[in-house]
Amino acid sequence: MSHRPLPGRRSVLRGSLAASAALTLPVGLGAAPAFARSGRPQAGWGVQAGDVSADSGLVWVRSDRPARMIVETAATESFRAPRRWHGPLLGAGTDFTGTTRLHGLPAGEQIHYRVLLADPDDPRRTGEPVSGTFRTAPAERRRGVRFVWSGDLAGQGWGINESIGGYRIFDAMAKADPDFFLCSGDNIYADGPIAASAPLPDGSVYRSITTEEKSHVATTLADYRGNFRYNLLDAALRRFNAQVPNIIQWDDHEVRNNWYPGEVIGTGTPYPAGTKLDDLALRSRQAFSEYFPISTISGRPDGRIYRVVHHGPLLDVFVLDMRTYRNANSPDDQTADPVGILGREQLEWLKRELAKSRAVWKVIANDMPLGLVVPDPVEGKPDFEAVAQGDPGAPLGRELQIAELLRFIKHRRITGTVWLTADVHHTSAQHYEPSLAAFKDFEPFWEFVSGPLNAGAFPANALDGTFGPDRVFVKAPTASNVSPAEGYQFFGEVDIDGDSGELTVRLREYDGTVLFTQTLQPGRVGQ
């Protein structure tokens, strides 16, 4: 059987979500007075669900004032006999955001939920409920799985442009009716101010919604919160969040372009001299944890982002963090590198979890590509930002850690690994083949690149031959920083058939047009 939506999903989009669109419009963008309830908490930024499994999920909301979060779930959108969940008290300490964990849910079912915000001094006083829906992961494989992925939102100064439909790519992704959305990082561009207008090559003007927090680079906690909040001004994104649960990871622009732990920057403009990136990262991570429902962050003092999300017998998603534990960017040509891009603890965790997984497919969500050369030129130095450094010979620097992992996958006979990434602002498909590689102790595998969602598009990066990548498909502009108004915005779709177990990847443009399709067979080591 192919993946099919369960009854009621489409009707909830036409019904409760459509009705809630008016009341979820943030104040200042035309909130409908017919839905206003004076003196009662309002959820003007919509709802989100995240890290949904077969029996659990997280639900997020933001209030406009102190409030108690209450979630109700039901099998139908009529909410007959709802189950009620009492969530946290929302206050200034979390920027009035909160997440409630739902547990004991039925597997493979459509879950309808609504969030109510209650006055903490009078629980009977609640604002208008805001509704959403998601599917729990199936307990058996015959239903199949479908999801979409991409990354890079509001980058290079290109913000929400309502004349082109805002973040229109989210409407195209919603039409795919995915079980979830994997965001591969760069959810914000904290280092990228957004101006009200910018000239385009054809003489027209790109016009963006602007806010105070997006008028300068982020340095304070309030700045970072404002960056995450900015994206929720977009109606298409709010609609998408209410329909599709997410799996979120982060990359560099949540803090600053190409950042790494221990880095110190700043000459006075735009960052103060001696700015410690670790301090900025702490502020960003707090805002990140406040604005997304993520299972490892909730209740964990270390705020860990890497995790595995189990989605039934067909799929495990291994969400990496290639930012927090890496070593410093450098020429990356050292012959020993114990830290690498993952850090030793995360690498050992990944090896253990891959070896334990019994899922047919093991998607490795790497927020940076493996064989694409991503430079980080600093004062003329030939530093590098990702794994590859352009030397096509034996593994060096961060490549040593990836070689160790690829060797482990081969010798432990781990089947069905597929790598998904974003970051480079174009879309492509690379097949890694030992016969073409300098390092040969691995089984062939695929890496698929997508993005941006709404950011500048860039030419394709050069390939590094160490792991033998063959670029089977690419679509990228020839110019740099091409605006979303000119196209070159991309997302990917993964469809796993419940009967055959085949996994099909489709690389799509912002309007849903299919650019490239590749079908993979289950049961092969590597892939």
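We're numbering straight along the sequence, starting at 1.
Applying the ring-ring contact (aromatic ring centres under 6.0 Å, His included) test to residues at least two apart or on different chains, the pairs with a partner in residues 478-521 are Phe473-Phe516.
The salt bridge (Lys or Arg N to Asp or Glu O under 4.0 Å) check on Lys475 picks up Glu509, with sequence neighbours excluded.
Side chains of Ser428 and Gln430: a donor on one and an acceptor on the other come within 3.5 Å. Side chain to side chain, Thr324 and Arg285 meet the donor-acceptor criterion of an N or O pair below 3.5 Å. Checked by atom type, the side-chain pair Gln48/Asn246 shows a donor-acceptor distance below 3.5 Å. Looking only at atom types and distance, the side chain of Gln110 has a donor-acceptor partner in the side chain of Thr133 under 3.5 Å away. Counting only N and O atoms by type, the side chains of Glu254 and Asn187 include a donor and acceptor under 3.5 Å apart.
For the pair Arg307 and Asp51, the minimum side-chain heavy-atom distance is below 4.5 Å. Side-chain atoms of Asp316 and Lys356, non-hydrogen and from C-beta on, never get closer than 4.5 Å to each other. No side-chain heavy atom of Lys214 sits less than 4.5 Å from a side-chain heavy atom of Ile209. Side-chain contact between Val244 and Met173 is absent, with no heavy atoms from C-beta onward closer than 4.5 Å. Looking only at side-chain heavy atoms (C-beta outward), Thr417 and Phe318 stay at 4.5 Å or farther from each other. Residues Phe458 and Gln156 are in side-chain contact: their nearest non-hydrogen atoms beyond the backbone lie under 4.5 Å apart. Side-chain contact between Phe445 and Ile364: absent, with no pair of heavy atoms (C-beta onward) separated by less than 4.5 Å. The shortest side-chain heavy-atom distance between Asp186 and Asp252 falls under the 4.5 Å cut-off.
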Test side chain to side chain contact (heavy atoms under 4.5 Å, CB included) on Val374 and Val424 and set out the steps.
-> CA-CA 8 Å; Val374 184; Val424 288; 4.0 Å; yes
Please report the C-alpha distance between Phe147 and Trp149 in whole Å, then the side-chain angles of each, then the deciding distance to 0.1 Å, and finally whether the ring-ring contact (aromatic ring centres under 6.0 Å, His included) criterion is met.
-> CA-CA 7 Å; Phe147 69 93; Trp149 95 93; 7.1 Å; no
Could you go through the side chain to side chain contact (heavy atoms under 4.5 Å, CB included) check for Phe448 and Val363 one step at a time?
-> CA-CA 11 Å; Phe448 299 96; Val363 164; over 6 Å; no
Determine, step by step, whether Asp332 and Asp337 satisfy the side chain to side chain contact (heavy atoms under 4.5 Å, CB included) criterion, reporting the C-alpha distance in whole Å, the side-chain angles of both residues, the deciding distance to 0.1 Å, and the verdict.
-> CA-CA 9 Å; Asp332 203 33; Asp337 191 353; 4.2 Å; yes
Take Arg398 and Asn327, measure what side chain to side chain donor-acceptor pair (under 3.5 Å) needs, and give me the verdict at the end.
-> CA-CA 9 Å; Arg398 293 167 179 163; Asn327 52 18; 2.9 Å; yes
Show the numbers, then the answer: is there a ring-ring contact (aromatic ring centres under 6.0 Å, His included) between Tyr325 and Tyr306?
-> CA-CA 11 Å; Tyr325 311 101; Tyr306 67 85; 5.7 Å; yes
Are Leu233 and Thr211 close enough, and set up right, to give a side chain to side chain contact (heavy atoms under 4.5 Å, CB included), and what steps lead you there?
-> CA-CA 10 Å; Leu233 294 173; Thr211 66; 3.7 Å; yes
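No more than 12 heavy-atom neighbours from other residues, nucleotides or ligands sit within 6.0 angstrom of CD on Glu345. The number of heavy-atom neighbours closer than 6.0 Å to CZ of Arg407, taken from other residues, nucleotides and ligands shown, is above 12.
Here the closest non-hydrogen pair linking Ala388 and Glu399 is CA-OE2, 3.8 Å. Taking all atoms of both residues into account, the shortest heavy-atom contact from Ile496 to Gly501 is CG2-O, 4.1 Å. Across every non-hydrogen atom of Ala460 and Val474, the tightest pair is CB-CG2, 3.8 Å. Pro522 and Val360 get closest at one heavy-atom pair: CB-CG1, 3.7 Å. Across Pro369 and Thr421, no two heavy atoms sit closer than the pair N-OG1, 3.5 Å. Ser150 approaches Gly451 most closely through the heavy-atom pair OG-CA, 3.3 Å.
Proximity of a side-chain donor or acceptor of Asn329 to a complementary backbone N or O of Asn258 within less than 3.5 Å is detected. Counting only distance, with no hydrogens or angles, the side chain of Thr136 and the backbone of Ser53 share no donor-acceptor pair below 3.5 Å. Side-chain atoms of Gln249 come within 3.5 Å of backbone atoms of Leu320 as a donor-acceptor pair (strictly under, hydrogens ignored). At least one donor-acceptor pair under 3.5 Å links the side chain of Tyr230 to the backbone N or O of Ile160. Side-chain atoms of Asp470 never come within 3.5 Å of backbone atoms of Val472 as a donor-acceptor pair (strictly under, hydrogens ignored). In this structure a side-chain-to-backbone donor-acceptor pair under 3.5 Å is missing from Asp367 to Asp251. One N or O on the side chain of Asp464 and one on the backbone of Gly390 form a donor-acceptor pair closer than 3.5 Å.
Looking at Glu213 and Arg225, no side-chain N of the basic residue comes within less than 4.0 Å of a carboxylate O on the acidic one, giving no salt bridge. The pair Lys351-Glu404 meets the salt-bridge criterion, with a side-chain N (NZ, NE, NH1 or NH2) lying under 4.0 Å from an Asp/Glu carboxylate O.
Test Arg256, Arg326, Arg323 against Glu263 for salt bridge (Lys or Arg N to Asp or Glu O under 4.0 Å) and you get one pass: Arg256.
Ring geometry for Phe292 versus Phe228: interplanar angle over 60°, hence perpendicular rather than tilted (30 to 60°). Relative ring orientation between Trp60 and Tyr291 is described as tilted, the plane-to-plane angle lying within the 30° to 60° band.
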